[in-house]
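Report on the structure given below.
Computed from a predicted model, the values in this text were never measured in an experiment. Residue numbers start from 1 in every chain, and the chains themselves are labelled A, B, ... in the order their sequence lines are given, proteins ahead of strands.
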Amino acid sequence: MEPLENEELGTTVAIHAGFPNPAAERKGTPLSLDKLLVHHPSSTYFFRVRGHNWHRQGVFDGDIAIIDRAVTPSGSQLVVWWDEAGSFALSQLALADRQRVWGVVTSIIHPFSS
Amino acid sequence: MKQHVYALVDCNNFFVSCERLFRPELNGQPVVVLSSNDGCAVSRSQEAKALGVPMGAPHWQWRDFFATHGVTAFSANFELYGDISQRITNLLASITPHIEVYSVDESFLDLTELPITDYTEWGKAVRADILKNIGIPVSIGIAPSKTLAKAANDRAKKLPELGGILDLTEQGVATDRYLAGLPIGDVWGVGRQLAPKLHAEGVHTALDLRQLYPPRAQQLMGIHGRQMVEELNGRGLLPFQQAHKPQQMIMRGRQFGQDTSEFYVIEAAVASLAARAAASLRHERHLARRASVILRTNRNKPGYQRLEASVRFYTPTANTGTITSQLVRMLAHDFNSHIKYHKADVLLHDFVPENSLQADLLGMVNLAENTRSQHTMRAIDAINRKYSKTTVTTAAEHLSQAWQPKKKLVSPRYTSAWSDLPEAHLIEYGYG
């Protein structure tokens, strides 16, 4: 079997025994969370969610909100906006100050253990 | 031949704009960003300029003024600025691959081949996109030469009625009027040395220079001057440098947090600077034949001194360990512990391509050793890229942190550290 080349680490690993990997010839792309969650890398920012009153919506203190500024806010979307003191708020668009919308929330990541 | 069209996209007060992105309440407020070590103002908001804060205002002199006039000062947060700069470059590169990244906050685009009918409208759309998607205000100047695009950008930035866009592709009365408003000292390529010479000649504005007889410009300023006149007349002569230019010298330097005569503090600083310089060298896929380190005392104090140590590598190298140990050894030789040093610079020069060693037939290079060293370094770079820049370091870098610059007013690493994300507070969920 051909040695496997790990280009990034510059090391070479040779595997000489066992049944060859039948998928070795197929160069598929592994699934990428980046591609699933980030549609416009240049306009995507992450925020830390603060607050305890959205448990019914499945959103918890410490979650990570993914914000895409390229998305134009509409309908019942969740948005991040800012108040006069400069503090960022997360709410439905209807409850936000439309002049101060910073970006649209496209996903919220909640870890169950760390 | 078809006339060239270039756009210069320049971010307004870039560092301040990056800080305001995550502190929106500071829009409309005076803000400055300070240089490394909180030395002096390097980026000022319009409001700070209006208050009379000059470029390079030393922080210690202006601190009280900032406090009484409500000026918010930040230490430079280069991780943030680098990230935002990359986002803007990516967005521009999606418009055209013909892009020359001129600096952290300026890029030239070659629009010659793009089917644009109205450059002002095009500029407005690009400006709006960058403002909405990334959150940074930019100005755009469009013209048939880079010098003229620079001039257009300057006018677009300074004349509010232009809305940040100026198209100078047509050479006529309107363009003359804009150039008449541009002082000669602000023309790209003129600078502090040439400006007095031109004033003496009666050339006070960009328009005067545009109308200067080209042979006279050449007499005054050499071929460079003639080129400027041609460029201001809309004949693009300056090359568009799209390809990445390999560096000929790499320098990494820092002021110490406080002046020091402790060798171990200086050794730590040199090790850290050498590590960064060597990583940059490997990124360029180069090896260095020479390295030097320069220590300086504070220029503003009497008895300015400078100590330089150099080493020449028989086998060119990009190995952090080799470079660091040789530099420190040379430095130790000449070190005087009675002098308090203020700043250290590490320089790498005299480069050869990484793969040129394989072709060395003289047999003077220890190839096996060199290959092993390259693999080790590549592994370290990969780990540091994946985790953080300082995951794998040489032991000498940790001898002391006392050399680290002061950054008392630095903002969080909003876009590059999970621990520093901006926070969004949930407000009562509404129904209906």
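If you tally non-hydrogen atom pairs under 4.5 Å between each of A:Ala89, A:Ala94, A:Ser76, A:Ala96 and chain B, the highest count goes to A:Ala89. Ranked by heavy-atom pairs under 4.5 Å with chain B, the first of A:Asp68, A:Val59, A:Val49 is A:Val49. Heavy-atom pairs under 4.5 Å with chain B were tallied for A:Val105, A:Val80, A:Ile64, A:Leu78; the largest tally goes to A:Ile64. Of the listed residues (A:Gly51, A:Ser43, A:Ser91), the greatest number of heavy-atom pairs within a distance under 4.5 Å of chain B belongs to A:Ser43.
Note: B:Phe22 and A:Phe47 have tilted aromatic rings, judged against thresholds of 30 and 60 degrees for the angle between ring planes.
Of the atoms belonging to A:Ala85, it is backbone heavy atoms, and not side-chain ones, that fall under 4.5 Å from chain B. Of the atoms belonging to A:Ile67, not a single heavy atom falls under 4.5 Å from chain B. Contact of A:Val71 with chain B is made through the backbone alone, with heavy-atom distances under 4.5 Å. In this structure, chain B has a heavy atom under 4.5 Å from the backbone of A:Thr44, while its side chain stays farther away. Using a 4.5 Å cut-off between heavy atoms, A:Ala65 makes no contact with chain B at all. Only the backbone of B:Leu131 comes within less than 4.5 Å of a heavy atom of chain A; no side-chain atom from C-beta onward does.
Going from atom CG of B:Asn90 over to atom OG of A:Ser42 covers 4.5 Å, rounded to the nearest 0.5 Å. Interatomic distance, B:Glu25 CD to A:Arg100 CZ, rounded to the nearest 0.5 Å: 10.5 Å. The distance from the NE2 atom of B:His425 to the OG atom of A:Ser87 is 4.0 Å, given to the nearest 0.5 Å. Taking CG from A:Leu95 and CD1 from B:Ile427, the interatomic distance works out to 5.5 Å, rounded to the nearest 0.5 Å.
Panel note: side chain A:Arg69, backbone B:Lys132; a donor-acceptor pair is recorded below 3.5 Å. Of the possible donor and acceptor atoms, none in the side chain of A:Arg48 sits under 3.5 Å from a partner among the backbone N and O of B:Ser419. For A:Trp102 (side chain) and B:Leu21 (main-chain N/O), a donor-acceptor pair under 3.5 Å exists by modelled atom type. Of the possible polar contacts, none joining the A:Trp54 side chain to the B:Glu428 backbone as a donor-acceptor pair under 3.5 Å is found.
Using a 4.0 Å cut-off between charged side-chain N and carboxylate O, B:Glu423 and A:Arg50 make a salt bridge.
For the pair A:Phe88 and B:Pro24, the minimum side-chain heavy-atom distance is below 4.5 Å.
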Step-by-step side-chain contact (heavy atoms from CB on, under 4.5 Å) determination, A:Tyr45 to B:Ile134:
CA-CA 9 Å; A:Tyr45 295 91; B:Ile134 298 167; 3.5 Å; yes
